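Structure first, commentary second.
Note that the numbering runs from 1 along the sequence shown for the chain. Remember, predicted model here, so these are calculated numbers, not experimental data. As the structure lists them, so they are numbered: ligands from 1, and atoms in each ligand from 1.
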Amino acid sequence: MRRLLRKRPALGMALLSGTATAVGIAISLAIDWFPDAASTASKDIDNLWDVLLIASVPVFVLVMSVALYSVFAWKVKPGDTSDGAPIHGHTKLEVVWVTIPFVMVTALALYGWVVLDDIEAKEKDPLIVNVTAQQFAWSFEYPALDKVKSNQLVLPKDRRVELRVKTKDVIHSFWVPEFRLKTDTVPGLTTKVRVTPNRLGRYDVVCAELCGIGHATMRQAVRVVPPGEFQGWVSERKQRAGDGGVAAAGGDTAVAGKTLFADTGCTACHTLADAGSEASAGPPLDDLTKDAAKFGKREGQSAEEYVKTAIEQPEAFVVPGFTKGTMPDNYKKNLSSAEISTLVKYLSDVSGKETK
Ligand code: CUA
């Protein structure tokens with residue numbers, strides 16, 4: 001190889017670059033870059049990515065080969081401090097190195113545009129979901145389905161969905177990697193994104209924009225379910241909003257409270273022995289009666305009133321050692337009053353038990 005490079009440098013370089021390109025493309029395509037594909041857009045986006053890799057590897061290899069070759073072939077001799085020969089440019093070469101990148105970039109841009117146009121296409125009668133972001137939680141509302149509200153994004157499989165994304169405070173970014181979907185939430189604007197989930201499963205909606213101290217915990221469930229199950233979920237949500245989930249728990253308020261505590265996402269931040277949660281972003285709730293005695297009495301509140309206030313207006317008392325604004329203040333909006341009563345009763349009861 002070394003002899004070939006010395007005798008016929010152009011041929012040698014071409015052989016080396018060709019091999020490097022083939023190996024580079026093979027490695028880059030063999031890497032599994034993406035999580036599961038769960039929407040109709042996933043395939044198009046993954047293909048686009050592969051095409052970009054195939055187009056980028058030869059460019060990278062070409063640039064690096066020329067650079068490395070030049071460094072070694074025209075290395076200055078020790079002691080040589082003279083100037084290089086004056087070069088006046090090379091019109092043909094310049095035309096080539098402007099035209100090829102121009103054609104490549106234009107073609108890739110057009111391809112990207114066609115894919116984007118395709119995956120964002122409007123379709124008749126989409127399921128509209130209003131998404132609200134705030135420090136540090138997502139909430140979802142289905143305006144056409146009796147304004148059902150949820151802390152989980154539940155979607156029927158194979159139905160076009162239009163997400164209307166808003167923020168109550170700062171910029172967040174709505175990201176469901178399996179849908180290959182990401183959009184910023186911008187104060188004062190409603191951003192729309194469309195998606196057709198085509199794979200059943202449980203995924204995560206993740207916040208992809210640093211938005212404050214709780215950014216890393218701003219992650220909630222997305223569930224893609226069969227259309228029949230979706231209808232069932234909607235009716236169940238409506239019923240739960242009406243009775244706080246008591247009927248679904250067979251009339252047992254403690255079970256209803258425990259379920260609601262987990263479903264609402266409280267377990268992600270609070271330790272509570274009865275619910276088996278050990279998170280520490282928020283105050284441990286096994287001490288709730290102590291906190292209620294300390295902070296609630298100051299305001300002349302009973303333990304239950306204290307708990308209710310702590311859920312509905314988390315800014316009202318912040319337990320020392322915890323940061324104001326970590327707990328979202330959207331539970332009053334997202335839970336029905338019956339659900340809040342269930343939670344308050346549950347928390348007052350189990351916390352009482354722990355400290356007795
Ligand atoms: Cu919201 Cu990061």
Side-chain angles (χ1 to χ4, degrees), residues 33-36 38-39 41-42 45 119-120 128-143 147-155 161-195 197 201-224 260-271 277-283 310-316 318-319 321-335 343:
W33 297 96
F34 294 110
D36 289 333
S39 83
S42 312
I45 291 178
I119 63 180
E120 289 192 332
I128 292 171
V129 183
N130 293 327
V131 178
T132 309
Q134 74 173 102
Q135 289 166 321
F136 299 97
W138 302 99
S139 47
F140 308 97
E141 188 203 45
Y142 299 72
K147 297 197 166 180
V148 160
K149 292 176 188 125
S150 172
N151 284 339
Q152 274 192 355
L153 178 59
V154 178
L155 299 172
V161 179
E162 184 173 299
L163 300 158
R164 300 187 174 167
V165 187
K166 277 188 191 170
T167 171
K168 280 172 111 184
D169 38 52
V170 301
I171 300 177
H172 304 266
S173 185
F174 178 90
W175 184 34
V176 183
E178 287 81 2
F179 291 169
R180 311 289 190 266
L181 180 90
K182 188 191 261 177
T183 187
D184 275 7
T185 71
V186 184
L189 289 181
T190 302
T191 22
K192 284 184 194 168
V193 270
R194 302 186 188 93
V195 62
R202 188 194 177 285
Y203 313 106
D204 276 340
V205 48
V206 184
C207 180
E209 186 79 55
L210 184 61
C211 55
I213 192 159
H215 164 69
T217 61
M218 199 168 161
R219 182 183 270 263
Q220 273 153 250
V222 180
R223 285 198 297 132
V224 179
L260 192 56
F261 188 76
D263 286 354
T264 310
C266 312
T267 47
C269 293
H270 295 284
T271 292
S277 59
E278 290 175 340
S280 57
I311 296 171
E312 293 186 339
Q313 304 163 47
E315 316 281 87
V318 178
V319 175
F322 294 91
T323 313
K324 193 173 178 168
T326 307
M327 164 124 168
D329 62 359
N330 62 355
Y331 293 111
K332 191 177 174 164
K333 186 174 159 249
N334 289 333
L335 297 173
L343 262 185

Point to revise | Proximal heteroatom of His172 relative to atom 1 (Cu) of ligand 1 (N/O/S) | key: ND1

**Study point:** Heavy atoms from other residues, nucleotides or ligands near NZ of Lys168 exceed 12 (cutoff 6.0 Å)
**Key:** yes

Study note, to complete from the structure: d(Leu153 CG, Tyr203 OH) to nearest 0.5 Å is 12.0 Å

Practice item. State the atom name: nearest N, O or S atom of Glu209 to atom 2 (Cu) of ligand 1. Key: O

Check your understanding: Angle at atom 1 (Cu) of ligand 1 between SG of Cys211 and SG of Cys207, to 10°?
Key -> 120°

Point to revise | pair His172-Gln135: side-chain heavy atoms closer than 4.5 Å | key: yes

Check your understanding: Are any N, O or S atoms from His215 nearer to atom 1 (Cu) of ligand 1 than 2.8 Å?
Key -> no

Exercise for review: Would you name the heavy atoms of Thr267 and Ala279 that are closest together and state the gap between them?
Suggested key: O-CB, 3.5 Å

Exercise for review: Look at the N, O or S atoms of Met218, main chain and side chain alike, and state whether any lies under 2.8 Å from atom 1 (Cu) of ligand 1.
Suggested key: yes

Check your understanding: Could you give the distance from CZ (Arg164) to CD1 (Ile128), rounded to the nearest 0.5 Å?
Key -> 3.5 Å

